[in-house]
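For ligands, and for the atoms within them, numbers begin at 1 and follow the listed sequence. Note that this is a predicted model, so its numbers are computed, not measured. All heavy atoms count here, side chains included; hydrogens, waters and symmetry mates do not.
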Amino acid sequence: MNFKNAYYLPSGRVFMLETKDGFPIECTEMRDVKVGGKQNLEVRESLDAHVIWNHLDDYENKWLCTVSTQKGCTHNCKFCDVANLPFKGNLSQQEIESQVEAIIKYTPYVNKSNKLKLGFARMGEPAHNLNNVLGAIVNLPKISKRMDKDFNWLPCFNSILPRKTSQGINGFEVIDKVLEVKENNYNGFLHFQISCNSTNEKIRKELFGGADVLSIEEIIKYINNKDVTNRTITLNFIVMKGVEVDVDKLASYGLNGDKFTIKLIPLNNTNNSQNNNLETYANYHNYEDLKALECKFKEKGVPVVVDAIAKCEEAGLCCGQLAHIFVDSDKKEI
Ligand code: SF4
């Protein structure tokens with residue numbers, strides 16, 4: 001992988017790398033913004049980078065990184081700007097690991113982190129490249145050792161869980177294989193995050209651009225019969241106006257706090273979401289609506305996290321947006 005460029009956010013950077021066959025690949029490194037109470041509102045709404053800088057957590061406590069798993073994506077999710085990129089296949093395990101090495105190499109001042117959360121979540125659906133992604137996850141401790149770093153890894157496998165992957169692997173088998181690595185290699189400290197977005201399966205499928213995915217009911221019932229230690233499984237909802245998120249429906253499927261956590265996040269301001277007229281249910285201005293939804297889940301005894309990107313960070317650097325600069329440019333043909 002060749003280094004092409006780095007783009008800066010107040011909390012970190014998006015690196016643009018390039019595969020040998022000329023495909024632009026994004027990976028990121030960010031620090032967490034650590035605030036509570038009133039300051040939380042100030043940080044979310046501010047357009048002043050200094051406000052973010054004043055609240056950044058130490059790398060040693062938490063470092064948030066992401067890598068891509070495919071050259072583009074086969075799916076066409078209505079809220080994601082990777083969807084409109086051309087698809088040129090899977091990244092090899094080595095190409096995935098090269099991104100990890102590049103992030104470490106270009107951040108040479110970070111030698112220790114008690115929680116290095118690495119999301120396989122930038123460009124691509126990792127389930128379609130399962131063996132290479134899981135191979136890279138298993139190898140993370142070797143990479144940091146080789147580079148003489150003291151990192152406590154928290155890999156994060158983010159998936160829409162296709163019913164059958166392009167390599168012919170059944171969605172339930174994907175769950176099994178991820179849980180196997182979670183429990184056997186990471187003592188349960190692997191973050192398995194499943195994209196849900198709506199409890200109405202018809203709408204959910206439309207949001208995923210027609211992808212045939214496992215239903216939320218199937219996912220909950222299947223995982224309820226599995227051993228899940230330490231980190232619970234996250235059901236991720238990008239909350240959008242007019243899109244159903246029905247807590248009672250989830251409870252009727254057997255959603256429980258021993259196995260699951262719910263994550264509620266606002267919709268990012270992507271080009272694709274605008275073109276598809278999707279609107280976020282809540283963001284910086286009406287964050288309290290998101291908190292109200294959080295309460296409904298808490299009443300059912302299910303842990304919830306709400307996550308909101310600061311306004312200042314929404315600067316055209318969402319997944320796939322930088323790759324578009326290269327792909328859409330007349331100078332670049334891939
Ligand atoms: S959200 Fe994930 S699966 Fe959907 S288009 Fe984007 S990268 Fe692909």
Side-chain angles (χ1 to χ4, degrees), residues 14-17 19 23-28 65-91 95-96 99 118-130 132-133 136 155-167 169 171 174-175 178 191-198 201 203-216 219 234-240 243 263-276 278 280 307 309 314 316-328 334:
V14 182
F15 295 114
M16 180 61 65
L17 309 180
T19 57
F23 199 95
I25 296 294
E26 296 174 1
C27 54
T28 67
C65 301
T66 63
V67 292
S68 296
T69 57
Q70 295 188 293
K71 296 181 250 184
C73 186
T74 51
H75 295 296
N76 198 11
C77 299
K78 288 188 168 176
F79 46 86
C80 172
D81 281 346
V82 178
N84 297 333
L85 291 169
F87 177 68
K88 298 286 176 179
N90 281 340
L91 291 172
E95 285 169 326
I96 297 170
Q99 295 171 70
L118 180 71
F120 291 79
R122 190 73 192 177
M123 297 160 62
E125 165 47 65
H128 292 309
N129 192 9
L130 193 64
N132 288 339
V133 171
C156 187
F157 190 97
N158 295 262
S159 179
I160 66 171
L161 281 182
R163 189 166 293 280
K164 199 164 211 177
T165 73
S166 47
Q167 296 171 325
I169 304 171
V174 173
I175 297 178
V178 175
H191 193 185
F192 190 3
Q193 193 160 267
I194 300 167
S195 291
C196 294
N197 301 340
S198 177
E201 289 294 336
I203 293 187
R204 186 168 168 248
K205 201 169 171 174
E206 278 170 26
L207 289 168
F208 290 145
D212 188 12
V213 291
L214 296 185
S215 72
I216 299 175
I219 294 165
T234 299
L235 300 182
N236 202 9
F237 287 86
I238 300 174
V239 280
M240 296 168 245
V243 173
K263 188 169 177 184
L264 304 173
I265 49 173
L267 174 70
N268 279 340
N269 199 5
T270 62
N271 296 326
N272 218 11
S273 62
Q274 280 178 11
N275 293 341
N276 287 303
L278 298 175
T280 191
D307 208 358
I309 187 172
E314 251 195 345
L317 299 183
C318 297
C319 303
Q321 293 190 323
L322 289 170
H324 268 287
I325 297 175
F326 284 77
V327 170
D328 299 346
I334 57 171

When you measure from [atom] to every protein heavy atom, which one gives the shortest distance, and what is it?
| atom | answer |
| --- | --- |
| atom 3 (S) of ligand 1 | Cys73 SG, 3.6 Å |
| atom 4 (Fe) of ligand 1 | Cys77 SG, 2.3 Å |
| atom 2 (Fe) of ligand 1 | Gly124 O, 4.3 Å |

*Any luck finding a side-chain donor-acceptor pair between Asn129 and Gln70 under 3.5 Å?*
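Distance-only check fails for Asn129 and Gln70.
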_Under 3.5 Å side-chain donor-acceptor pair for Glu125 and Ser159_ = yes
*Between Asn197 (side chain) and Ser195 (backbone), is there a donor-acceptor pair under 3.5 Å?*
no
*Beyond-backbone contact of Ser68 with Leu91, side-chain heavy atoms, under 4.5 angstrom*: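 Side chain of Ser68 against side chain of Leu91, heavy atoms only: contact under 4.5 Å found.
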_Side chain, backbone, both or neither: Cys80 near ligand 1, heavy atoms under 4.0 Å_ = side chain
